[in-house]
Amino acid sequence: MLRKTLVTTAAAATVAAFTALAPLSPTALAGTQDTAGAPGEHTVVVYRVPTHDPADAKKLISSGYDLIERRQGNDLFVMGGPETADGLRRLGFAPTAAETMRKPLPRTPHTARPAGGVDDTYYGGYHTVDAHYAHLDQTASQHPDMAKVVTYGQSWLKQKGRGGHDLKAICITKIKKGDCALNPESAKPRFFLMSQVHAREITTGEVSWRWIDTLTKDYGKDPDITALMDSTEMWVVPISNPDGVDIVAQGGDNPILQRKNANDSNGGDCGTNGQTGVDLNRNMDTHWGGEGTSTEPCSEIYLGPKADSEPENAALQDLFRKLYPAVRTGTGDSDPAPDTAKGMMISLHSDASMVLLPWEADHTLHTGNDKALRALSGKLGSLTNYPSGQAGEILYDASGGNDDWTYDKLGLASLTIEIGDVDGRGCSGFTPKFSCQESYFWPKMKPALLYAAQQSAAPYRTTSEGR
């Protein structure tokens, strides 16, 4: 297990966010081999890819490229190796290398490790899965009148007896009789926050950590937090993909860029040309197999052998059904949830700097609550200085995601916030320096999460009325 005291000694020499790296031109990268550098490492390059047609994103995805969650104007970004530039040119694109780094290759954990405590960190302060879970237990122990930890399932590795983790959530509210029960007919409205579905998006887990602390420590001190805690249940899943996060943390000061879970049963050794596992945000049974997915097991957006195949998703869906009633009046894409529906869900990702609303699978389709969801996402966009819209309108279509599923199956007002650096603070990329969390991301995210949670009593009504 990686300890804070071990990590920080080498951090100054090894820690580098994407934007801190000197750009290399494709010419300079020509001839660079993946076998260069330390054993077990490979060269990772982020390419800026100018596009001229809305279909270009689909072309990149269908060709197997790792199209990351970032967009600037009409420029998309692809992550790959030194050889990726030639493949992009053969498709008719003109890539330029924006960032490059040496990164260790993923290694699937096969055995359980000793559990770490709340101070168990890597890469300058980012918390491991064990630290997050210890934090949940510590919060419930220190605030028994405000917090309750719920185990809702097991990760893929845990189910296979190969280590892994339980799946854990925490309910935070000023607890009254009947609160935090696994019952969809709750007295209080519920606000649900989830993070690190994609393991390498490490900022998201830290935002959830700070949200938990703010709710419990500021109760009775901050009138807005106090009112929220008295009226609303806040549910948090800080680590949705614990097996994947374990792989990320294996890199220590040089985090492994694992996106998917650790399910290695669907394909062979992917080497440096891909990554084993299933993309949990392409595996949900809503528009499954549509745009923005791949059937290739080594692809970063591999959708899995069937919808809901992954235990992390099946368990999460079961938790959602226990917390929220299904209120949509039909199953068609345009069938609405009633404007009296309660509850909100936000899934945190990085680092596109956007607020996204359903349908993310297909921007030509609109939900029956489109106006209210756009108003809500627009308000969150104004608080974060992020653009808002459906994914295909401002980023690219992506099917089988969490917020589409919770809206589709339950009628729950659901959004994705892609956390990123729109202010040039040197905090962009999947692995920004840890100091960005307290100095930049949390001051940006706190008012957005507070506003979203405050809308949980009637999200479709309050947004349409402009409050």
Side-chain angles (χ1 to χ4, degrees), residues 143 145-150 152 169-195 208 211-212 214-216 218-219 222-237 316-329 336-348 355 357-358 367-369 371-377 379-380 383 402-403 405-417 445-467:
H143 305 280
D145 60 332
M146 299 184 195
K148 178 182 178 181
V149 178
V150 173
Y152 65 91
I170 190 168
C171 173
I172 305 173
T173 189
K174 185 61 176 175
I175 296 177
K176 300 177 182 177
K177 184 178 180 179
D179 286 348
C180 297
L182 297 180
N183 178 358
E185 302 303 326
S186 59
K188 293 177 179 177
R190 287 166 166 160
F191 174 68
F192 196 105
L193 184 70
M194 58 184 291
S195 50
S208 285
W211 176 240
I212 292 168
T214 295
L215 293 172
T216 52
D218 288 357
Y219 181 80
D222 182 315
D224 290 332
I225 295 295
T226 303
L228 182 64
M229 288 281 285
D230 285 341
S231 64
T232 307
E233 285 184 20
M234 269 65 64
W235 285 77
V236 186
V237 173
L316 186 64
Q317 291 173 9
D318 184 58
L319 178 62
F320 278 128
R321 291 189 186 279
K322 289 176 179 177
L323 296 180
Y324 298 99
V327 297
R328 272 219 304 152
T329 55
D339 63 4
T340 56
K342 296 190 300 182
M344 270 281 298
M345 191 284 284
I346 286 183
S347 180
L348 296 179
V355 183
L357 63 138
T367 71
N369 302 98
K371 181 179 178 181
L373 288 171
R374 284 186 188 275
L376 181 55
S377 62
K379 176 63 175 179
L380 295 177
L383 290 169
N402 293 287
D403 57 349
W405 188 91
T406 49
Y407 177 81
D408 186 5
K409 307 302 181 183
L410 304 174
L412 181 61
S414 304
L415 302 171
T416 288
I417 299 181
M445 291 303 301
K446 178 182 176 181
L449 295 180
L450 179 60
Y451 175 81
Q454 290 170 335
Q455 308 311 305
S456 296
Y460 298 126
R461 221 178 242 182
T462 53
T463 52
S464 62
E465 293 173 0
R467 296 201 302 268

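The first residue of the sequence shown is numbered 1, and numbering continues consecutively from there.
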So do the side chains of [X] and [Y] get within less than 4.5 Å of each other, counting heavy atoms only?
{"X": "Leu348", "Y": "Met445", "result": "yes"}
{"X": "Val237", "Y": "Tyr152", "result": "yes"}
{"X": "Leu373", "Y": "Pro358", "result": "yes"}
{"X": "Trp235", "Y": "Cys171", "result": "yes"}
{"X": "Leu182", "Y": "Leu323", "result": "yes"}
{"X": "Asn369", "Y": "Lys371", "result": "no"}
{"X": "Met229", "Y": "Ile172", "result": "yes"}

Legend entry - Set of residues satisfying side chain to side chain contact (heavy atoms under 4.5 Å, CB included) with respect to Leu450, sequence neighbours excluded: Asp224, Ile225, Leu228, Gln454

Legend entry - Test side chain to side chain contact (heavy atoms under 4.5 Å, CB included) applied to Pro447 - qualifying residues, sequence neighbours left out: none

Drop me the distance from [X]'s [atom1] to [Y]'s [atom2], to the nearest 0.5 angstrom.
{"X": "Leu415", "Y": "Met345", "atom1": "CG", "atom2": "CE", "value": "8.0 Å"}
{"X": "Thr173", "Y": "Lys188", "atom1": "OG1", "atom2": "NZ", "value": "3.0 Å"}
{"X": "Gln317", "Y": "Trp405", "atom1": "CD", "atom2": "CH2", "value": "4.5 Å"}
{"X": "Lys174", "Y": "Leu215", "atom1": "NZ", "atom2": "CG", "value": "13.5 Å"}
{"X": "Tyr407", "Y": "Thr367", "atom1": "OH", "atom2": "OG1", "value": "4.0 Å"}
{"X": "Glu233", "Y": "Lys176", "atom1": "CD", "atom2": "NZ", "value": "11.0 Å"}

Inset, instruction - Go through the structure and list residues passing salt bridge (charged side-chain N to carboxylate O under 4.0 Å, His left out) with Asp403, not counting sequence neighbours. - result: none

Inset, instruction - Under the salt bridge (charged side-chain N to carboxylate O under 4.0 Å, His left out) rule, collect the residues that match up with Arg328, sequence neighbours excluded. - result: Asp408

Heavy-atom closest pair, residues [X] and [Y]:
{"X": "Ala453", "Y": "Met234", "result": "CB-SD, 4.4 Å"}
{"X": "Ala147", "Y": "Ile175", "result": "N-CD1, 3.6 Å"}
{"X": "Leu380", "Y": "Ala448", "result": "CD2-O, 3.3 Å"}
{"X": "Arg190", "Y": "Tyr324", "result": "O-OH, 3.2 Å"}
{"X": "Ser195", "Y": "Ser208", "result": "OG-OG, 2.8 Å"}
{"X": "Tyr460", "Y": "Gly411", "result": "OH-O, 2.8 Å"}

Legend entry - ring pair (Phe, Tyr, Trp, His ring centres under 6.0 Å) involving Phe320 - partner list, sequence neighbours excluded: Phe192

Legend entry - More than 12 heavy atoms of other groups within 6.0 Å of Lys148 NZ: no

Inset, instruction - Please determine, by modelled atom types, if Lys446 and Thr214 share a side-chain donor-acceptor pair under 3.5 angstrom. - result: no

Inset, instruction - Mark yes or no for whether Ser414, through its side chain, and Leu412, through its backbone, hold a donor-acceptor pair below 3.5 Å. - result: yes

Legend entry - Thr329 side chain to Pro336 backbone, donor-acceptor under 3.5 Å: yes

Legend entry - Audit row: Asp145, His143, side chain to side chain contact (heavy atoms under 4.5 Å, CB included) steps and yes/no: CA-CA 5 Å; Asp145 60 332; His143 305 280; 4.2 Å; yes

Inset, instruction - Using the salt bridge (Lys or Arg N to Asp or Glu O under 4.0 Å) rule, collect all pairs that involve residues 316-326, keeping only residues at least two apart or in two chains. - result: Asp318-Lys322

